[in-house]
Amino acid sequence: MKLDNKLTQIGVDRTKGAAITWLLSKDYPKNMVNVCDLGRLIQQSHYAGKRIDRQTGGQSPAWSPWSWNPIQGGGVGSWARVRKVRIKADQI
């Protein structure tokens with residue numbers, strides 16, 4: 001789903017929590033968002049709580065211990081769900 005005002009295009013992907021997956025401008029007409037890595041989407045991200053070793057739950061040893069960090073785009077086995085998306089002239 002994309003918005004386009006002739007200067008900038010911005011788009012979201014419902015399957016990735018409606019995170020921004022598309023961004024380009026008339027001066028740079030290629031997608032500026034790295035969609036190959038979900039952690040690089042333009043999205044909400046929150047850190048909370050104590051750093052906990054979650055390797056038994058499947059967390060990579062390289063990232064453990066780590067604080068709870070849900071991201072809008074989701075992650076392996078925990079994709080964010082969007083129930084409803086509305087597009088208006090200048091809003092998604």
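Just so you know, these numbers use all the heavy atoms, side chains as well, and skip hydrogens, waters and symmetry mates.
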Are Leu41 and Val82 connected in the hydrophobic side-chain network, where two residues link if heavy atoms are under 4.5 Å apart? yes
Measuring from atom OG of Ser64 to atom CD of Gln55, what distance do you get when rounded to the nearest 0.5 angstrom? 4.5 Å
ILVMFWY network linking Leu7 to Ile92, side-chain heavy atoms under 4.5 angstrom: no
How close do Gly49 and Ser67 get, counting heavy atoms only, and between which atoms? O-OG, 3.5 Å
Taking every non-hydrogen atom, the tightest pair across Met32 and Tyr28: CG-CD2, 3.5 Å
Interatomic distance, Arg83 atom CZ to Arg81 atom CZ [nearest 0.5 angstrom]: 8.0 Å
Quick one: do the Ser25 and Asp27 side chains pair a donor with an acceptor below 3.5 Å? no
Nearest atoms (heavy-atom pairs only) where Ile52 meets Gln59: O-OE1, 3.9 Å
From CG (Asn5) to NZ (Lys26), nearest 0.5 Å: 11.0 Å
Could you state the interatomic distance from OG (Ser60) to CZ (Arg54), rounded to the nearest 0.5 Å? 13.5 Å
Under 3.5 Å, is there a donor-acceptor pair between the side chain of Arg51 and the main chain of Pro65? yes
Looking only at heavy atoms, the pair that brings Asp4 and Gln9 closest together is OD2-NE2, 3.1 Å
Note: Gln43 and Ala19 closest approach over all heavy atoms is CB-CB, 3.8 Å
Minimum heavy-atom separation for Gln91 and Leu3, please, with both atom names. N-CD1, 3.6 Å
Give, for atom NZ of Lys30 and atom CG of Leu23, the distance between the pair rounded to the nearest 0.5 Å. 15.0 Å
Do Val12 and Ile20 have side chains that get closer than 4.5 Å, going by heavy atoms? yes
Interatomic distance, Ile10 atom CD1 to Thr21 atom OG1 [nearest 0.5 angstrom]: 9.5 Å
Can you confirm whether Ile42 sits close enough to Val33 that some side-chain heavy atom of one is under 4.5 Å from a side-chain heavy atom of the other? yes
